[in-house]
Amino acid sequence: MAKVIIIGAGGVGTVVAHKCAQHPEVFSEIVIASRTRSKCDAVAAAIGKPNVTTDTVDADSVEQLCELFRRHKPAMVINVALPYQDLTIMDACLECGVNYLDTANYEPRDVAHFEYSWQWAYRERFEKAGLTAILGCGFDPGVSGVFTAYAAKHYFSAMETLDIVDCNAGNHGKAFATNFNPEINIREITQNGRYYKEGKWVVTKPLEFHRTLSYPNIGPRESYLLYHEELESLVLNFPTIKQARFWMTFGQEYLTHLRVIQDIGMARIDEVEYNGQKIVPLQFLKAVLPNPQDLGKNYHGETSIGCRISGKDKEGKPLTYYIYNNCSHEEAYKETGMQAVSYTTGVPAMCGAMMFLTGKWNKPGVHNVEEFDPDPFLTAVAENGLPWHEELNGDLEL
């Protein structure tokens, strides 16, 4: 039994808090903290359990974070704040002797660039401090990496191609909305794509490559090649991989809105002057778009996320393998009040914290999720609302 602090009270933080509260045998005390305490109070009230309390913190401030940690003395911090804040939270964890887990890698505010180097640079300090930092423990990144580790452990002698496929076939009824923080979402989609091939990274224009893929229980959807952070760690930890790509579905209406947003300059992340004030257009856009936390009530349909892998099986014979999860927006909302995109990120974050607190993923240093034993984690994920399925020697369709 241990105390945890959840930093962030958005859609993902809400799901993490709900799921942690379902396991008092592991999470004896849960503190939800963010810049706006009223948001934390609303989540705690919805859960309605005495071991769930709230606090306030500016996650940009190491000083405030340390004050929070010293007052509460948590065993672990579950960071579901903004990716810009990863390093300040890691700094505070080192200063106060607290273990760390997040769902997205660090990125600087002034450039849309995703890279683990900033966080990997903390490896030696966390190891010397005897602290564990678990990086990227959402779904993708997160479960996608653990799926890959599971395939390597149980099926492959050498994985050669990896395609992570992410489909959201839900409908929220809005003309345009993002499923998580609009600022982070749009930065991610509008940057150049990248994929790994034969030891090199190949750069593509944003959404340049696309093809129709078929998803279980959903059918064909147009899927676009993006760069996603877990590719960086997976090709290092599984060096037999010759090609690694990430695909995500987008509807034409969404892409049309996105193109207009870019064309009129609303996707800019640099400051402009308006009425004597400095504003960032993308941050202003975030303020007027629908809040992802409010989409769940009218969201219908499901997501489908998985890994399609080919290579040599344990006996050296050719093998294709598909492991995936489908998640219903309606069912996620019934349980937590949030839609499936938040749910599929929040459940694995709770499970990763559970793995650490129960001694199954306890390894001092800074580690990506695929570096740990995949079996107990995937058992926990399936038991907590995200059952997964396997298909051997099917058509990978790529």
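Worth knowing before you read on, the calculation uses all heavy atoms, side chains too, and leaves out hydrogens, waters and symmetry mates. Numbering of residues begins at 1 and proceeds along the displayed sequence.
Between the side chains of Ser310 and Thr161, at least one donor-acceptor pair of N or O atoms lies under 3.5 Å. Of the N and O atoms on the side chains of Glu232 and Asn368, not one donor lies less than 3.5 Å from an acceptor on the other residue. At a cut-off of 3.5 Å, with distance as the only test, no side-chain donor of Thr148 or Glu370 sits close to an acceptor on the other residue. A donor and an acceptor atom, one from each side chain of Asn79 and Tyr100, are located under 3.5 Å apart.
Atoms OH and OG, from Tyr333 and Ser342 in turn, are 12.5 Å apart once rounded to the nearest 0.5 Å. In this structure, Thr88 OG1 and Tyr106 OH are separated by 8.5 Å, a value rounded to the nearest 0.5 Å. Distance CG/Asn217 to CG/Asn326: 6.0 Å, rounded to 0.5 Å. One finds the CD1 atom of Ile323 at 13.0 Å from the CZ atom of Arg308 (value rounded to the nearest 0.5 Å). Separation of atoms OH (Tyr122) and CG (Asp91) is listed at 3.5 Å; rounding is to 0.5 Å. Annotation: the span from Asp140 atom CG to Ile164 atom CD1 amounts to 7.0 Å, rounded to 0.5 Å.
Not counting sequence neighbours, the partners of Tyr155 by the ring-ring contact (aromatic ring centres under 6.0 Å, His included) test are Tyr321. For Thr345, the side chain to side chain contact (heavy atoms under 4.5 Å, CB included) criterion is met by Val12, Thr103, not counting sequence neighbours. Legend: residues meeting side chain to side chain contact (heavy atoms under 4.5 Å, CB included) with His389, ordered by chain and number and at least two apart, are Tyr324. Residues satisfying the salt bridge (charged side-chain N to carboxylate O under 4.0 Å, His left out) criterion with Glu95, sequence neighbours excluded, are Arg70. Residues satisfying the side chain to side chain donor-acceptor pair (under 3.5 Å) criterion with Asn275, sequence neighbours excluded, are absent altogether. Under the side chain to side chain donor-acceptor pair (under 3.5 Å) criterion, Asn51 pairs with no residue at all, not counting sequence neighbours. The side chain to side chain donor-acceptor pair (under 3.5 Å) search around Thr54 returns Arg37, Asp41, not counting sequence neighbours.
Under the ring pair (Phe, Tyr, Trp, His ring centres under 6.0 Å) criterion, the residue pairs touching residues 355-377 are Trp361-Phe372, Trp361-Phe377, His367-Phe372, with sequence neighbours excluded. Each ring pair (Phe, Tyr, Trp, His ring centres under 6.0 Å) pair with one or both residues in residues 17-66, not counting sequence neighbours, would appear here, but there are none. The salt bridge (Lys or Arg N to Asp or Glu O under 4.0 Å) pairs that include a residue from residues 339-349 number zero, where partners must be two or more places apart or lie in different chains. Sequence neighbours left out, the pairs with a member in residues 146-159 that pass salt bridge (Lys or Arg N to Asp or Glu O under 4.0 Å) are Lys153-Asp373, Lys153-Asp375. Note on residues 188-209: pairs passing ring pair (Phe, Tyr, Trp, His ring centres under 6.0 Å), not counting sequence neighbours, are Tyr196-Trp201, Trp201-Tyr227.
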Go through the steps for Glu29 and Lys3 under the test salt bridge (Lys or Arg N to Asp or Glu O under 4.0 Å), then give the verdict.
CA-CA 5 Å; Glu29 295 181 69; Lys3 186 175 191 176; 3.8 Å; yes

For a salt bridge (Lys or Arg N to Asp or Glu O under 4.0 Å) check, start with the C-alpha distance between Glu127 and Arg123, then their side-chain angles and the critical distance, and finish with the verdict.
CA-CA 6 Å; Glu127 191 172 352; Arg123 281 172 170 163; over 6 Å; no

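Taken together through direct or relayed side-chain contacts under 4.5 Å among Ile, Leu, Val, Met, Phe, Trp and Tyr, Val43 and Leu68 form parts of separate hydrophobic clusters. Both Val347 and Tyr150 are members of a single hydrophobic cluster when ILVMFWY side chains are connected at heavy-atom separations under 4.5 Å. Note: the hydrophobic cluster containing Val52 does not contain Met1 (ILVMFWY, side chain heavy atoms under 4.5 Å, direct or indirect links). Linking ILVMFWY residues whenever their side-chain heavy atoms come closer than 4.5 Å, directly or via other members, places Val57 and Val98 in the same cluster. When hydrophobic clusters are built by joining Ile, Leu, Val, Met, Phe, Trp and Tyr residues whose side-chain heavy atoms come closer than 4.5 Å, directly or via intermediates, Val366 is not grouped with Leu101.
Contact check for Ile89 versus Val77: side-chain heavy atoms found under the 4.5 Å cut-off. Side-chain contact between Ile30 and Ile6 is present, with at least one heavy-atom pair separated by less than 4.5 Å. Contact annotation: the side chain of Arg221 never approaches that of Met248 to less than 4.5 Å [non-hydrogen atoms, C-beta and beyond].
Atom CD of Glu124 has 12 or fewer heavy atoms from other residues, nucleotides or ligands within 6.0 Å. In Glu208, the CD atom is crowded: over 12 heavy atoms of neighbouring residues, nucleotides or ligands sit closer than 6.0 Å.
Within the 3.5 Å criterion, the main-chain N or O of Gly346 finds no donor-acceptor partner in the side chain of Lys19.
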